[in-house]
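Convention: sequence-line order gives letters A, B, ...; per-chain numbering from 1.
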Amino acid sequence: MNLETKLETLVAKAVESLYGLKIVPNQIQLQKTKREFEGDLTVVIFPFVKAARKSPEQTGQEIGAYLQENNPLVSSFNVIKGFLNLSIRQNYWLETLNEIHENNEFGKTVVTDDAKLMMIEYSSPNTNKPLHLGHIRNNLLGHSIAEIQKANGWKVVKTNIVNDRGIHICKSMLAWKLFGNGETPESTGLKGDHLVGKYYVVFDKAYKAEIATLMEKGITEEDAKKTAPLILEAQKMLLAWENNDADVRHLWETMNGWVYAGFDKTYKQLGVSFDKIYYESETYLEGKEKVEKGLASGAFYHREDGSVWANLTGDGLDEKLLLRADGTSVYMTQDIGTAKLRYDDYPINKMVYVVGNEQNYHFQVLAILLDKLDFEWGKDLVHFSYGMVELPEGKMKSREGTVVDADDLMDEMIQIARETSKELGKLNNCTPVEIETIVRMVGLGSLKYYILKVDPRKSMTFNPKESIDFNGNTGPFIQYTHARIKSVLRKANEQGIVFKHLDNKQIAITKKECYLIQLLSEFPSVVKLAGEEFSPALIANYIYELVKEFNQFYHDFTILKEENPHLKQFRLVLSESTASVIKTGMGLLGIDVPERM
RNA sequence: GGUCUGGUAGCUCAGCUGGAUAGAGCAACGCCCUUCUAAGGCGUGGGUCAAGAGUUCGAAUCUCUUCCGGAUCACCA
């Protein structure tokens, strides 16, 4: 039983024995004492004053006295207004620090053989354009959530569904065929995904031009969009693809191959990976089959033109298309098939989709459709719906070229890190390889932290004109603190100082040091909450607070020059534990921390 | 229009399962390296928590109304 639970239980007992008020221990409001007051933990007294029929101050005094008498860990207390501030015995904190220091897996729950399995889908790119900043947020969130859930004892399977087929893919294929002059990544020196993306934009421009021409002839925009030669040709191509036309398939395989080579580089640079990749081209038939079954069972219905629909009006939603009149499948069809295959492949206990909030409706519908198809897990799927990354002018649009490219952005951040590092000259003793490793860590660290520190559910603004900061609440600031601690620890080792275990617990430590231990001890509950809330931001904000506190300590106290050997040992243990929590916590965000920088 | 979602300092964001005087960073200004890494620390200024009403001992936090954004309601994915 941890300290908080103990105190809550005791407060409940106190209230009952003093005032006859029965209260559930976890309803007691126990919080960290605000900095400006004396104490470590605070009990909010207001809820008891009615039963006590005394002033908040007097009630606080009585409960405080009871706690002090019945729990040896409470060394003293004070009451201010309706707040009972408790000071906890220093011994307790020193003992806690020892436990933290000796626990290599501090903050993490072990994944046992019988642990439940969570499948996390993220990334899920289309193979018609390169990844951009929006995908970066998705990938970082997916990867971090996976790490966080592992740390909470889940078995995790990271999966990626590649949208490698469909009308949008045909668009870039068609444009390349018509206007590409046989260009390849080799002939152009372009990364494969960028080359294909280029033709997606080419298609869009040519298509828009056709629409404009048709409209000049007096055709309505709506009709022009449907009858432009290019879109008809793309639709023909999609049909040919579904009919296994050899030429179309060959072109498709070639161009997708280019894209995958490009994606692999981007994923590697970003530091994300997958345990199992699904391709829409391999799951959409399964989806079609399930839709046919649903048709047979009466869950879905045909329209006159032959298209297949689900009627969701009974669920307060609209009607949803599942198969086009020409028999080709849509996004939803494929998602049904993918879901089915996944549950065949793995004993999934929880399925999580990391997909932007623009698709909230899609997932609401998907859950209902799976339910209608009698999959008992349909309604249990979790759509981890995150907010969009916006530019100051608004949404990014690939077709209009207003996207922040993922590869460019990563390169830019690494370059800034390289320049900064050079200016500061701290890596002058390192080899070029070491420098590159560190500079990459820092550049990517700044980008990743920048993205992950904000609440994933909220949309965020990125201004390309202001480069991401390296000072303040940033990744490099945290990495720097880690490097600094490591430097001190190296020196301690060189001096032969032993700080494995705190032997002497009679030393007098300061409030700042005490508070640092308290912060460290909160790490496991932060990890737990981050898992429940699916929020890497909670980890990021926690680490920042820890690091800020540590830097003040580092500034105000000496470690290696402390004359009292017990105190010196204590500070080394405190520093090492802090470095360890920083490293673990940043690891949960997918951010590496350097030994020096 | 229906549904969902957001509005906190000049900017980017915390705080939101109700608790003490609403916090950080950036930007601005000032101070601190003969001392374990100054990518650091300290300080100053900066707020009608969109507006109004309600619930409560107590509201940025919960409820309602209004205003202003965003997403979605596709034979796109």
Side-chain angles (χ1 to χ4, degrees), chain A residues 29 31 33-34 36-37 42 44-47 49-50 56 80-83 85 124-126 128 163 165-169 171 226 235 280 303 305 307-309 316-318 320-326 328-332 334-335 355-362 364-365 385 387-388 390 392 394-395 417 420-421 423-424 426 442 446 450 453-455 457-463 466 468-481 483-492 537-538 540-541 544-545 548 551-562 571-572 575 596-597:
Chain A
Q29 298 179 51
Q31 50 194 246
T33 303
K34 292 231 170 199
E36 54 267 40
F37 304 104
T42 295
V44 183
I45 301 293
F46 296 107
V49 297
K50 211 174 243 174
I80 294 164
K81 293 192 198 169
F83 299 90
N85 304 317
S124 308
N126 294 334
N128 62 340
N163 297 118
R165 44 139 273 133
I167 190 73
H168 55 296
I169 310 295
K171 287 177 181 175
K226 283 182 189 161
Q235 280 162 358
E280 181 180 331
R303 278 197 187 167
D305 63 358
S307 56
V308 178
W309 294 75
L317 302 174
D318 221 329
K320 187 77 190 173
L321 175 87
L322 298 173
L323 287 175
R324 297 188 185 99
D326 65 3
T328 56
S329 63
V330 292
Y331 182 41
M332 189 61 80
Q334 161 260 311
D335 250 359
V355 179
N357 60 13
E358 57 190 355
Q359 292 191 34
N360 286 353
Y361 182 73
H362 174 80
Q364 201 184 342
V365 172
S385 160
M388 299 288 100
E390 283 162 17
K395 229 187 139 182
T420 309
S421 174
E423 271 170 36
L424 296 172
K426 290 187 183 176
V442 174
S446 72
Y450 176 84
K453 77 171 174 182
V454 336
D455 184 341
R457 279 159 227 286
K458 290 191 184 174
S459 60
M460 61 182 290
T461 310
F462 174 80
N463 189 345
E466 301 166 7
I468 298 171
D469 242 292
F470 279 50
N471 302 320
N473 187 358
T474 67
F477 168 74
I478 293 164
Q479 292 171 316
Y480 174 72
T481 305
R484 247 179 170 189
I485 296 175
K486 285 296 183 168
S487 172
V488 174
L489 297 177
R490 274 194 300 275
K491 288 194 172 138
L538 295 177
N541 289 326
Y544 176 62
E545 197 192 340
K548 218 167 34 140
N551 277 334
Q552 287 167 1
F553 159 76
Y554 181 92
H555 181 267
D556 293 344
F557 297 85
T558 180
I559 299 169
L560 294 173
K561 289 196 175 138
E562 170 56 45
R571 286 182 186 154
L572 283 165
S575 301
R596 65 189 82 222
M597 70 184 266

Next on the checklist: List the residues meeting salt bridge (Lys or Arg N to Asp or Glu O under 4.0 Å) with A/Arg457, not counting sequence neighbours, and say none if there are none.
Outcome noted: none

Checklist entry - Looking across every strand, which nucleic acid part, if any, lies under 4.0 Å from A/Asn85 by heavy atom: base, sugar-phosphate, or nothing? => result base

Checklist entry - Does A/Asp556 have any side chain to side chain contact (heavy atoms under 4.5 Å, CB included) partners at least two apart in sequence or in another chain, and if so, which? => result none

Checklist outcome for this item: Across all chains, not counting sequence neighbours, the salt bridge (Lys or Arg N to Asp or Glu O under 4.0 Å) partners of A/Lys491 are none

Item to check | Identified pairing partner of B/C67, criterion: Watson-Crick or G-U wobble below 3.5 Å | outcome: B/G7

Checklist entry - Considering residues at least two apart in sequence or located in another chain, which fulfil the side chain to side chain contact (heavy atoms under 4.5 Å, CB included) criterion with A/Val49? => result A/Ile45, A/Pro56, A/Thr59

Next on the checklist: Return a single string for nucleotides 30-35 of chain B, one symbol per nucleotide in 5' to 3' order, where B is base contact, S is sugar-phosphate-only contact and - is none, cutoff 4.0 angstrom on heavy atoms.
Outcome noted: -----S

Checklist outcome for this item: Taking B/C36, B/C75, B/G40 as options, the one with an atom nearest any side-chain atom of A/Phe477 is B/G40

Item to check | Listed nucleotide nearest any side-chain atom of A/Arg484, set B/C36, B/G40, B/A77 | outcome: B/G40

Checklist entry - Taking only side-chain nitrogens and oxygens of A/Gln334, does any of them come within less than 4.0 Å of OP1 or OP2 of B/A77? => result no

Checklist entry - With respect to the side chain of A/Arg490, which nucleotide from B/A77, B/U37, B/C75 is positioned closest? => result B/U37

Next on the checklist: Can you tell me which nucleotide in B/C42, B/A77, B/U37 comes closest to the side chain of A/Gln552?
Outcome noted: B/C42

Next on the checklist: Taking ring-ring contact (aromatic ring centres under 6.0 Å, His included) as the definition, give me every residue that meets it alongside A/Tyr480, ordered by chain and number, with sequence neighbours left out.
Outcome noted: none

Next on the checklist: Checking side-chain polar atoms at under 3.5 Å, does A/Thr328 have a donor or acceptor matched by the opposite partner on A/Arg165?
Outcome noted: no

Polar atom pairs (N or O), protein with nucleotides 71-73 of chain B, under 3.5 Å:
{"residue": "B/C73", "atom": "O2'", "partner": "A/Asp318", "partner atom": "OD2", "Å": "3.4"}

Next on the checklist: Need the glycosidic conformation of B/C42: syn if within 90° of 0, anti if not. Which one?
Outcome noted: anti

Next on the checklist: Need the pair for B/C57. Rule: Watson-Crick or G-U wobble, both distances under 3.5 Å, any strand; none if unpaired.
Outcome noted: B/G19

Checklist entry - Between B/G19, B/U21, B/C76, which one does the side chain of A/Lys81 approach most closely? => result B/U21

Next on the checklist: Would you say that A/Asn128 contacts A/Lys171 through its side chain, given a criterion of any heavy-atom pair below 4.5 Å between the two side chains?
Outcome noted: no

Look for any protein N or O under 3.5 Å of an N or O in nucleotides 10-14 of chain B and output each such pair with its distance, or none.
{"residue": "B/C13", "atom": "OP1", "partner": "A/Thr461", "partner atom": "N", "Å": "2.6"}
{"residue": "B/A14", "atom": "OP1", "partner": "A/Asp455", "partner atom": "N", "Å": "2.6"}
{"residue": "B/A14", "atom": "OP2", "partner": "A/Lys458", "partner atom": "NZ", "Å": "3.2"}

Side-chain donor-acceptor pairs under 3.5 Å in residues 471-478 of chain A, sequence neighbours left out?
{"residue": "A/Asn473", "atom": "OD1", "partner": "A/Tyr449", "partner atom": "OH", "Å": "2.6"}
{"residue": "A/Thr474", "atom": "OG1", "partner": "A/Phe470", "partner atom": "O", "Å": "3.3"}
{"residue": "A/Thr474", "atom": "OG1", "partner": "A/Phe477", "partner atom": "N", "Å": "3.2"}

Checklist outcome for this item: Sequence neighbours excluded, the answer for salt bridge (Lys or Arg N to Asp or Glu O under 4.0 Å) partners of A/Glu466 is none

Checklist entry - Excluding sequence neighbours, so at least two apart, what forms side chain to side chain contact (heavy atoms under 4.5 Å, CB included) with A/Ile80? => result A/Phe37, A/Asn78, A/Asn85

Could you go through nucleotides 55-59 of chain B and list every protein N or O atom that sits under 3.5 Å from one of its N or O atoms, giving the distance for each pair?
none

